[in-house]
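Below is one structure, written out as structure tokens; the observations come after it.
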Amino acid sequence: MNFFKFASLTLVRNLSKNMVIFLFFTLFIFVASSFIFTASSLQNSLDDELKRQPDILIQYKKASRNHPIDNGIMEEIKEIPGVEKVYERVFGYYFFDTANKYINVIGVDFLDDEQEKQIKHLYKGFDLKAFLQEDNMLVSSAVKKLLEQYYYEKMFNFIIEDEEPKKVNIYGVFDKKANLFLNDSVIMDTALAKEILGYEENEASEIAMIVPNKLEIDNIVQKLLLITPSSKIITKDNMFKYSHELYDYKGGVFLTLFITAFLGFLVIFYSQASSISGAGKKQIGILRAIGWSINDVIKWKMSEAMIISFVSFLSGVLLSYLYIFLFKNNIFVSIFLGSENVYKDIALEPFFDINSFVILFFITVIPYLASTLHPAWKSSIADPTEAIK
Amino acid sequence: MIFSKSLVAFLFVEATIGLLFIFSFYFAYMILTRWNFNSPSKLQYTLEKRDYFVSLILYFALSTKVVLLPFFINLLNSLSEKLPGAMCAAGVVSANEYGQILLTLKVVIIFISGTWLILNAKDKLEVNLPYIKPRYYLYLALFSLILLELLIEYLYFTNISTEEVVLCCSALYGMSSAGLTLPFGLDIYGVLSLFYATWVLLFLSYIKKYLLINTIANIFYLVLSFYALTYFFSTYVYELPTHKCPYCLFQKEYYYVGYLLWGSLIGGSFYSIAGFAVAKITKFKTDYLYRNSLILDTIFIAVCTLYVVAYYLKNGVFL
Amino acid sequence: MTNVIEIENLNLTFSPNTPQEFHALKNISLSVKEGEFCILKGVSGSGKSTLLSVMGALLKPTSGKLEVFSSPVSKMPDFHASTFRREHLGFIFQNFNLFDEFTVLENVQTALVPTNAPVAHMQTRALALLSMVNLEKKKDTTARNLSGGEKQRCAIARALINNPKLILADEPTANLDRKNSENVIEILTKLNSQGTTVLVATHDEIFEQMIPDLKVIHIKEGAIV
């Protein structure tokens with residue numbers, strides 16, 4: 001029998017006393033770890049999505065709001081050496097008046113290999129010819145549900161200023177995996193999207209380009225600035241940095257709040273552990289009388305604390321893994337993704353970010369152990385003659 | 001000011017350790033000033049018990065610090081993403097004048113607290129705790145260093161600007177660097193021969209039990225290793241003659257080999273220095289500490305050499 | 001024969017120089033020889049338990065000389081005092097002091113936890129002692145469910161786990177009926193006949209009735225009479 005075995009025996013035999021600490025600790029870990037799982041899974045999916053994005057984007061801003069950009073400059077950009085491909089992107093919110101919701105309309109050039117590739121994995125058995133013959137669109141499961149509420153089963157009428165309502169058929173619902181980014185979206189041909197969003201032929205939301213040699217990107221940005229000095233140029237690196245900073249910031253704020261709450265738990269725990277009961281004193285007196293040293297008692301008490309914290313930590317993490325990745329629409333996703341535009345139908349991709357769990361371990365288990373040092377020492381020096389009285 | 005999750009966690013744990021030290025300082029102060037082993041007074045018995053608390057805190061602090069050091073390196077590497085110009089921890093460390101001091105301080109603190117714990121274990125083996133005074137003077141030094149470390153950590157992290165461009169490792173250590181030159185006016189082959197020669201000296205002085213020579217050689221070895229690793233061996237790890245950096249070794253692309261290399265090197269020096277200090281203060285033999293030192297130093301030199309040999313076998317040429 | 005315990009002019013004062021000052025032990029001198037069966041006799045509150053605690057290095061005296069197996073135990077720092085206790089002494093208590101939630105076997109092994117002894121060794125040693133005190137069949141019973149006599153026998157097995165040369169017992173029969181008391185005393189005399197020195201603090205007449213060559217030390221109000 002070593003100290004760990006002995007400690008596990010004393011813990012199990014006094015289960016009711018230790019249960020409260022164990023439950024609280026597990027709950028704390030559960031909440032924090034759910035947050036981490038949600039955040040790192042979202043971030044990971046976002047990174048994956050960003051990888052598929054073009055290397056450089058150009059946007060035209062007025063008073064820091066997006067304005068349509070003239071797609072005429074594409075000809076000029078094509079001439080820049082190193083740019084493999086240039087294309088326009090069209091997207092924007094359509095206000096669905098009756099429901100008081102926004103629908104994100106995305107235009108895709110289905111005849112373009114690059115863009116078609118991106119769409120193909122969203123919809124199984126996609127028949128391009130049939131799709132382009134009429135005004136068709138692909139919708140997300142959430143949008144489908146929204147439209148059905150207003151009895152648009154097969155089609156939807158987009159209201160366009162000064163024109164007849166535009167009737168667009170619902171061709172199908174795309175894969176739920178894309179819901180994280182396209183939850184409130186519908187996808188249709190670029191020309192159709194332009195018509196609905198009120199864009200002119202020569203206007204686009206942004207201009208995208210693909211640059212195979214990443215080392216060329218800085219040079220190309222310089223040349224783009226000469227062509228369109230007033231535009232905003234976003235590189236893929238910018239996008240990554242921005243998204244990481246946002247998540248790190250949100251994570252940092254959460255962590256600070258979490259630490260504060262956890263400190264509260266530690267204070268309560270500390271004051272509870274510091275007061276040694278008569279029975280506890282007696283127990284230590286017995287051990288001291290049969291030859292345990294002060295250090296031995298400390299080792300036993302610390303082993304107890306380690307077992308409690310490790311077991312709580314692991315169960316908290318395990319429970320939250322099950323909750324986050326097995327249950328759809330958990331509350332943490334709503335906390336992260338913010339306000340409800342349309343009903344959210346999102347399942348997170350399982351992802352385990354070791355670094356985040358090292359952090360969680362550091363801010364929970366280590367302070368917990370630190371808070372047990374003094375109580376452990378205090379009980380170890382309890383008067384050993386207690387056993388004889 | 002720079003901000004990230006890892007940084008919040010890191011500072012929190014560091015502050016926890018600092019708090020524990022402040023908590024234990026009163027006890028340590030009482031032991032230093034009021035200790036009288038032969039007195040049968042209640043105070044003396046209380047002080048003996050308090051000694052256990054201080055030991056406990058130090059034990060906890062050292063274990064945490066040892067775990068925290070790789071986390072800190074990893075933190076620096078991850079911060080490089082936020083600093084314009086930085087490719088690895090090298091740029092982050094050199095972002096202001098406190099980075100290098102902080103790293104050194106961290107290693108010194110681990111050395112001192114490790115020595116303290118070995119001394120403590122020896123002290124407890126004696127029936128009259130004869131080394132309590134040296135132990136608590138050492139504690140005072142450690143206490144001041146821990147507070148200093150917290151202060152420097154604060155200064156370091158609040159003075160990192162996310163706007164200013166920092167240097168990347170190739171600018172700091174590469175061909176173009178004018179700042180660092182090799183020691184003793186040697187060229188890289190001179191440093192390498194000295195490096196291998198010092199290892200032979202370490203080995204011989206261990207066999208012959210010339211312990212003072214072994215410790216001095218170890219400090220020498222630590223310095224030489226820094227240059228040999230940065231300017232020669234690291235290029236074989238990166239398989240690129242122009243890439244010279246002591247920090248990129250910690251990255252995933254190189255299988256985190258930096259942790260093994262730097263860990264064994266610092267551990268080797270620690271055991272030798274601790275062995276010398278403990279032998280000086282106590283009457284105990286510290287051969288086993290020197291043995292650990294030699295094992296770790298040998299792991300370091302072996303892994304370094306293996307990289308060169310493996311490269312040669314694979315490519316048939318040297319870099 | 002050598003002295004196992006040697007005490008000269010031993011004093012113990014609680015809260016000295018305060019209004020609550022209390023002289024628990026006054027100028028005590030005594031010696032116990034190797035192989036003796038010795039009882040410390042006195043009414044409760046006379047200081048027998050306190051004296052026993054001092055001998056077991058659980059309590060430090062204020063002044064005087066105390067040597068157990070020629071070691072100055074009262075001057076030892078905790079680590080040495082504890083090791084000494086573990087290796088040389090066996091404690092038996094009035095109210096058994098078992099861990100109620102532990103089984104008999106676990107209770108007996110408790111004293112071995114700090115030694116890092118191999119599990120197999122602990123097991124065989126504990127089982128041998130349990131068979132000696134006739135508790136082998138109850139080894140997996142929780143201590144709470146034992147009778148008084150069984151509890152005390154389990155406690156004796158625990159005290160013997162490190163093969164001590166000196167047994168210190170504090171009123172070991174006070175909570176037992178006549179038959180169980182006899183049982184305990186039989187075990188103690190058996191150990192004594194094998195060379196273990198036994199010192200019992202008690203006010204029970206039964207020891208004098210059962211043991212022929214018994215050394216009796218009378219203690220009254222903290223002093224030897």
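As the structure is a computational prediction, the values presented were derived from the model and not from experiment. Just so we're on the same page: letters track the sequence lines, and every chain starts at 1.
Taking CG of C:Asn95 as the reference point, atom NZ of A:Lys282 lies at 4.0 Å (rounded to 0.5 Å). Atoms OG1 and CG, from C:Thr103 and A:Leu9 in turn, are 8.0 Å apart once rounded to the nearest 0.5 Å. Atom OG1 in C:Thr115 sits 10.5 Å away from atom CG in A:Asn2 (nearest 0.5 Å). We find the CD1-CG distance between A:Ile290 and C:Asn97 to be 9.5 Å, quoted to the nearest 0.5 Å. Summarising the geometry, atom CZ belonging to C:Arg158 is positioned 6.0 Å from atom CD1 belonging to A:Ile286; distances are rounded to the nearest 0.5 Å.
At most 12 heavy atoms of other shown residues, nucleotides or ligands fall within 6.0 angstrom of atom OH in A:Tyr249. The 12-atom threshold is exceeded at CZ of A:Phe240, counting heavy atoms of other residues, nucleotides or ligands nearer than 6.0 Å. In this structure, A:Ile354 places its CD1 atom where only 12 or fewer heavy-atom neighbours from other residues, nucleotides or ligands lie under 6.0 Å away. Counting heavy-atom neighbours within 6.0 Å of C:Lys215 NZ, excluding the residue itself, gives a total above 12. Residue-environment remark: NZ (C:Lys220) stays at or below the threshold of 12 foreign heavy atoms within 6.0 Å. Within a 6.0 Å sphere centred on NE2 of A:His244, heavy atoms belonging to other residues, nucleotides or ligands number more than 12. For C:Lys75, the NZ atom is loosely surrounded, since the number of other residues' heavy atoms within 6.0 Å does not exceed 12.
Scanning both residues, A:Ile294 and C:Asp78, for their nearest heavy atoms gives N-OD2, 2.8 Å. For C:Arg86 against A:Gly291, the heavy-atom pair with the smallest separation is NH1-O, 3.2 Å. Contact detail for C:Ser82 and A:Arg288: the closest heavy-atom pair is OG-NH1, 3.5 Å.
Within the 4.5 angstrom heavy-atom criterion, atoms from both the backbone and the side chain of C:Gln109 approach chain A.
Looking only at side-chain heavy atoms (C-beta outward), A:Trp292 and C:Thr110 come within less than 4.5 Å of each other. You'll find the side chain of A:Asn14 reaches within 4.5 Å of the side chain of C:Glu101, heavy atoms only. Residues C:Val113 and A:Lys299 are not in side-chain contact: their nearest non-hydrogen atoms beyond the backbone lie 4.5 Å or more apart.
A:Lys5 and C:Glu106 are not joined by a salt bridge, as no carboxylate oxygen comes within less than 4.0 angstrom of a charged side-chain nitrogen.
Judged by the 6.0 Å distance and 45° axis criteria, A:Arg13 is not positioned over the aromatic ring of C:Phe99.
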